[in-house]
Amino acid sequence: MLILDYLNLTFLLIQGLIEAVKELLPYVEHMQCARHICQNLQKRFTGAIYHTLFWRASKATTEHAFKVVMKEIETLNPEAHQYLMEKDPKTWSRAFFQTGRCCDAVENEFSKSFNAVIVDARKKPIITMLEEIRLYMMDIVYNMKLKGQQWGNHICPEIRDKVNLLKKAQRHYQVLPSGLNQFEGRGAIDAYEVDLERKTCSCRLWQLNGYGCAHYVASISFLNRDVEAYVDNMFSTTTFRKAYNYRIAPMNSSDMWPETNYTPPLPPINRRTPGRPTTKRKKSTTENIGTHRVSKAGKKIRCNRSQQGHLSTEKAPKVKCEETEETKVCVNQNAGQVKQFKI
Ligand SMILES: *[C@@H]1O[C@H](CO)[C@@H](O)[C@H](O)[C@H]1NC(C)=O
Ligand SMILES: *[C@@H]1O[C@H](CO)[C@@H](O)[C@H](O)[C@H]1NC(C)=O
């Protein structure tokens with residue numbers, strides 16, 4: 001499975017890349033990052049409703065559910081519907097993803113985290129950059145290895161947490177047995193066919209993510225069996241340890257590296273483009289850009305000097321106060337207003 005992240009790439013490069021990846025890896029499923037499609041959709045059509053509906057369409061696990069949401073989008077705005085259909089839903093909706101992959105992700109977050117990690121290393125010369133990435137990887141692989149050692153021989157803790165959430169969600173489903181291993185998971189408005197023998201649920205989520213859905217967890221609990229025993233082997237701690245069963249070799253410092261006959265590479269000619277060079281990934285306009293402040297222009301602000309409110313754009317009015325024993329009388333000398341305070 002491959003999810004392409006378009007965010008860092010220019011349009012031309014994308015076109016080339018899509019073709020190149022198709023050519024190099026003809027048998028893998030090609031997908032697009034749903035977040036990116038959502039951002040493009042929101043640039044064309046304004047309204048939070050598009051955001052909500054799009055994610056419902058993207059996360060729908062069955063073609064039926066997908067069609068229901070798309071119908072809603074069509075009624076709302078036929079153009080938005082057409083725009084999404086042109087983007088090829090097979091590449092961004094779970095409803096069309098192939099099963100048995102143990103991955104139901106529709107976004108490409110991991111390339112963004114990678115980018116965040118290498119952002120400092122990226123501005124350095126090539127050898128230094130590669131060295132920094134190597135040291136980072138050495139640390140990550142070691143820490144993952146260590147983590148895997150501490151876990152028992154069951155399933156990975158993150159998946160266990162997810163299964164525990166499903167165990168809570170299962171109470172919304174009533175289980176009606178049909179065969180010894182076949183059930184109907186019936187909710188308030190929906191019902192699904194669960195087959196523990198074939199390891200399928202007609203909502204398809206189990207086949208997609210490899211650890212289950214509420215209906216299937218309800219069926220297993222109905223039989224008083226251990227839910228974790230049904231989790232795909234992909235999520236076992238043994239598989240986790242196998243994935244990190246290598247290490248990145250330590251290196252001597254560069255002055256100990258063997259000498260070669262090649263001429264050492266010269267630094268590239270420094271061509272400075274105007275302005276400060278950017279290092280951070282360019283964020284889309286629809287991305288959440290940290291905290292934002294609201295301008296105070298036009299708002300009334302309280303001011304100690306004038307003892308009264310005035311607009312932020314105006315100068316604080318000059319105020320002269322006279323205090324007696326009981327009251328304080330202030331006169332705004334600009335406007336001639338009088339204000340009395342009780343002491
Ligand atoms: C580090 O230096 C030692 C001694 O010169 C050498 O035997 C070893 O192969 C070097 N290691 C690497 C990874 O180059
Ligand atoms: C304004 O006045 C109040 C009470 O008189 C005082 O607590 C506060 O610190 C003053 N603020 C400024 C910015 O001087």
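Just so you know, these numbers use all the heavy atoms, side chains as well, and skip hydrogens, waters and symmetry mates. Each ligand, and each atom within it, is numbered from 1 in the order the structure gives.
- Aromatic ring centroids of Trp92 and Phe97 lie 6.0 Å or more apart.
- Under the 3.5 Å distance criterion, the side-chain polar atoms of Thr237 are left unmatched by any main-chain donor or acceptor of Phe240.
- Using a heavy-atom distance under 4.0 Å as the criterion, the protein contacts of ligand 1 are Pro250, Asn252, Met256.
- Not a single side-chain hydrogen bond (donor to acceptor under 3.5 Å, both in side chains) links Asp88 to another residue, sequence neighbours left out.
- Remark: Glu193 pairs with no residue by the salt bridge (charged side-chain N to carboxylate O under 4.0 Å, His left out) rule, at least two apart or across chains.
- Among the candidates Tyr216, Tyr192, Phe222, the single residue satisfying the ring-ring contact (aromatic ring centres under 6.0 Å, His included) test with Phe183 is Phe222.
- Pairs of residues two or more places apart, or lying in two chains, that qualify as side chain to side chain donor-acceptor pair (under 3.5 Å) and include a residue from residues 60-76 are Arg56-Glu72.
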